[in-house]
2 protein chains.
Amino acid sequence: MNARKFKRSGCFTELKDRIIETSLRLFERHGFHGVSVQEIVKKSGSSKGGFYHHFQSKEELLFVIHDYFASYVLTKAQEAMSSSIRPTDKMQRIIQSFVKAFDLYKPHISVFYQESIYLKPPYDQAIKEKRKQYKEAIFSIIQEGIDKGEFRPELPVQITSMSILGMVNWSYKWYKRDGEKTIDEIANIYVDLILHSLLTDQAKQDAAFQSYFLNDPLDSYSN
Amino acid sequence: MNARKFKRSGCFTELKDRIIETSLRLFERHGFHGVSVQEIVKKSGSSKGGFYHHFQSKEELLFVIHDYFASYVLTKAQEAMSSSIRPTDKMQRIIQSFVKAFDLYKPHISVFYQESIYLKPPYDQAIKEKRKQYKEAIFSIIQEGIDKGEFRPELPVQITSMSILGMVNWSYKWYKRDGEKTIDEIANIYVDLILHSLLTDQAKQDAAFQSYFLNDPLDSYSN
DNA sequence: ATAACAAGACCAACTAGTCGGTCTTACATA
DNA sequence: TATGTAAGACCGACTAGTTGGTCTTGTTAT
């Protein structure tokens with residue numbers, strides 16, 4: 001019904017999206033400064049005019065890419081936080097939602113981490129704020145887990161949080177969609193590793209927490 | 001005794017080192033493409049002639065910085081690997097040596113990870129090879145740990161290795177020398193987290209492994 | 001004499017961004 | 001239904017500036 005969706009070129013993808021997708025692929029491989037605007041517009045079948053009609057500057061394009069991913073992940077985290085009660089369960093959900101984002105937004109994420117240093121004022125502020133919110137979500141889960149007796153009290157909240165974030169974030173350096181593990185398998189491995197680090201001995205033996213762990217391959221012979 | 005060390009300027013640091021140190025600080029903050037050769041030579045109190053006397057190109061300077069850190073860490077890893085017998089102990093030593101490198105080479109490491117995408121042939125090959133060797137060192141420790149019954153057999157070697165590497169590597173994003181934890185404390189936290197993930201229940205209860213863990217703060221009241 | 005620089009003019013290549021202009025489309029008017 | 005018009009989408013030649021790198025000349029210490 002909305003006629004604006006039909007472009008005169010007969011193609012349904014809008015130019016703006018085409019530019020973003022093209023530059024995403026180029027930035028991922030060659031970096032923000034390794035790709036010129038000329039190359040972007042050429043490879044996306046566009047022009048300088050088209051580019052600057054949609055973006056105020058090359059840096060705004062970088063910001064759009066950053067924000068796209070940051071907003072998505074933060075939203076998912078907030079969903080996971082409010083959808084559950086047990087800290088352990090929140091942690092599982094937040095990890096799973098994050099790891100799954102690698103499957104959807106690998107190029108965004110690569111650009112997000114690789115080129116974050118090149119985002120300058122005023123663009124960097126909005127992104128920094130979202131990073132901070134995400135970090136604090138993890139902090140609060142771990143603190144809550146300690147308070148409720150699920151997580152080990154001797155763990156320092158901030159360093160533990162940062163090591164979890166590092167572990168998961170680093171995936172962008174090596175994850176490939178056609179690798180031997182699916183993204184869900186990887187997420188489950190992370191959950192297993194993280195919860196083995198976090199949970200108290202008591203919680204680990206609780207039957208309610210067994211489903212978060214990987215199965216011991218030898219277990220299959222034991223019944 | 002070596003007279004070459006005495007520069008006519010009255011300063012003992014050689015120009016080459018001064019250039020490297022200056023560019024290190026600049027690259028860390030503004031990125032490889034955010035700093036021009038002009039700025040480097042100006043801020044290091046040098047000149048273009050001096051710069052190109054020591055470096056064939058700006059990219060060779062980037063390579064030198066990369067190689068400096070990569071060689072150091074790889075050497076340390078190999079030392080740790082051959083200095084011990086138990087996989088658990090190897091893991092502790094390799095983590096500690098790596099984390100300590102953050103204190104010594106924070107700027108090198110930042111540049112190493114942030115600008116790695118901008119190292120182009122032929123410089124990238126030598127670095128890639130050293131990265132690969134480091135990765136495989138971790139692989140072999142984990143495999144050995146599983147084979148010897150210290151580490152949980154259900155863990156997939158590669159993903160587990162990558163998550164350890166990610167956890168530690170990520171430190172460059174947030175570690176500050178004047179933070180509230182010392183670098184040794186951070187290393188011990190990492191070792192605790194990692195070994196809680198890796199060790200079998202049996203090994204965890206073994207008295208020989210207790211020294212790798214953080215103390216439960218409540219324990220101090222229990223005797 | 002020679003190596004280790006300093007100083008800086010200079011160049012070719014390249015870059016982000018601009019600007020005048022063209023073509024569609026939507027919509028108001030008659 | 002036909003038509004005028006304004007807005008938005010897009011093109012591409014062009015500009016002004018920057019960059020890595022070269023080269024020449026001169027100076028100092030050994």
Side-chain angles (χ1 to χ4, degrees), chain A residues 1-23 26-27 30-65 111 115 117-123, chain B residues 1-23 26-27 30-65 111 115 117-123:
Chain A
M1 197 59 71
N2 184 351
R4 299 262 313 279
K5 286 203 171 177
F6 296 85
K7 312 305 295 177
R8 81 193 115 120
S9 62
C11 178
F12 292 92
T13 53
E14 301 206 19
L15 177 61
K16 189 171 181 180
D17 293 333
R18 240 163 54 222
I19 290 177
I20 292 177
E21 267 183 57
T22 305
S23 58
L26 292 172
F27 288 165
H30 309 288
F32 182 66
H33 288 279
V35 185
S36 65
V37 175
Q38 291 234 358
E39 196 179 344
I40 292 171
V41 299
K42 191 183 155 197
K43 292 238 168 105
S44 63
S46 176
S47 66
K48 273 284 180 79
F51 183 96
Y52 284 97
H53 178 74
H54 289 289
F55 303 99
Q56 286 195 14
S57 64
K58 193 187 176 190
E59 209 178 323
E60 192 189 285
L61 167 62
L62 185 60
F63 169 75
V64 168
I65 292 172
V111 174
E115 313 296 328
I117 204 178
Y118 293 112
L119 246 201
K120 294 194 171 52
Y123 296 111
Chain B
M1 198 57 71
N2 184 352
R4 299 260 314 279
K5 286 203 172 176
F6 296 85
K7 310 306 298 175
R8 82 191 113 121
S9 64
C11 178
F12 293 92
T13 52
E14 299 206 19
L15 176 61
K16 189 171 179 178
D17 292 334
R18 239 162 57 223
I19 292 177
I20 291 178
E21 266 183 59
T22 305
S23 58
L26 292 172
F27 287 166
H30 309 288
F32 181 67
H33 289 277
V35 185
S36 66
V37 175
Q38 292 231 359
E39 196 179 345
I40 292 170
V41 299
K42 191 184 156 197
K43 292 238 167 103
S44 63
S46 174
S47 65
K48 279 215 165 178
F51 183 96
Y52 283 98
H53 180 74
H54 287 290
F55 302 100
Q56 287 194 13
S57 65
K58 191 187 176 190
E59 209 179 323
E60 193 189 285
L61 167 62
L62 185 61
F63 169 75
V64 168
I65 292 172
V111 174
E115 312 297 326
I117 206 177
Y118 293 114
L119 247 202
K120 293 195 172 49
Y123 295 112

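Quick note on labels: first sequence line is chain A, next is B, and so on, each numbered from 1. What you see is a predicted model; the values in this text were computed from it and never measured.
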Between [atom2] on [N] and [atom1] on [X], what's the gap in Å once rounded to a whole number?
X	N	atom1	atom2	answer
B:K42	C:dC5	NZ	P	22 Å
B:H33	C:dT15	NE2	C1'	13 Å
B:Q38	D:dG21	CD	P	12 Å
B:R18	C:dC5	CZ	C1'	10 Å
A:L62	C:dA16	CG	C1'	14 Å
B:E14	D:dA29	CD	P	16 Å
A:E39	C:dC14	CD	C1'	12 Å

Task: Axial cation check for A:F55 ring with A:K16, 6.0 Å and 45° limits - done: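 Here A:K16 passes the 6.0 Å and 45° test against A:F55.
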
TODO: Please identify each residue that fulfils side chain to side chain contact (heavy atoms under 4.5 Å, CB included) with A:H30, with sequence neighbours left out.
DONE: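 Partners of A:H30 by the side chain to side chain contact (heavy atoms under 4.5 Å, CB included) criterion, ordered by chain and then number, come out as A:L26, A:V35.
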
When you measure from the side chain of [X] to the backbone N and O of [Y], does any donor-acceptor pair fall under 3.5 Å?
X	Y	result
A:Y118	A:L62	no
A:K58	A:F32	yes
A:E59	A:K120	yes

TODO: Identify, residue by residue, the members of residues 44-60 of chain A with a heavy atom below 4.0 Å from DNA chain D, and return them in order of residue number, or none.
DONE: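 Result for residues 44-60 of chain A: A:G45, A:S46, A:S47, A:K48, A:G49, A:G50, A:H53, A:H54, sorted by number.
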
- [ ] Kindly compute the distance separating OG (B:S23) from CZ (B:R18), expressed to the nearest 0.5 Å.
- [x]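 Output value for this atom pair is 12.5 Å.
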
Task: Sugar-phosphate only, base, or nothing, as touched by B:V35 at under 4.0 Å among non-hydrogen atoms - done: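 It contacts sugar-phosphate atoms only.
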
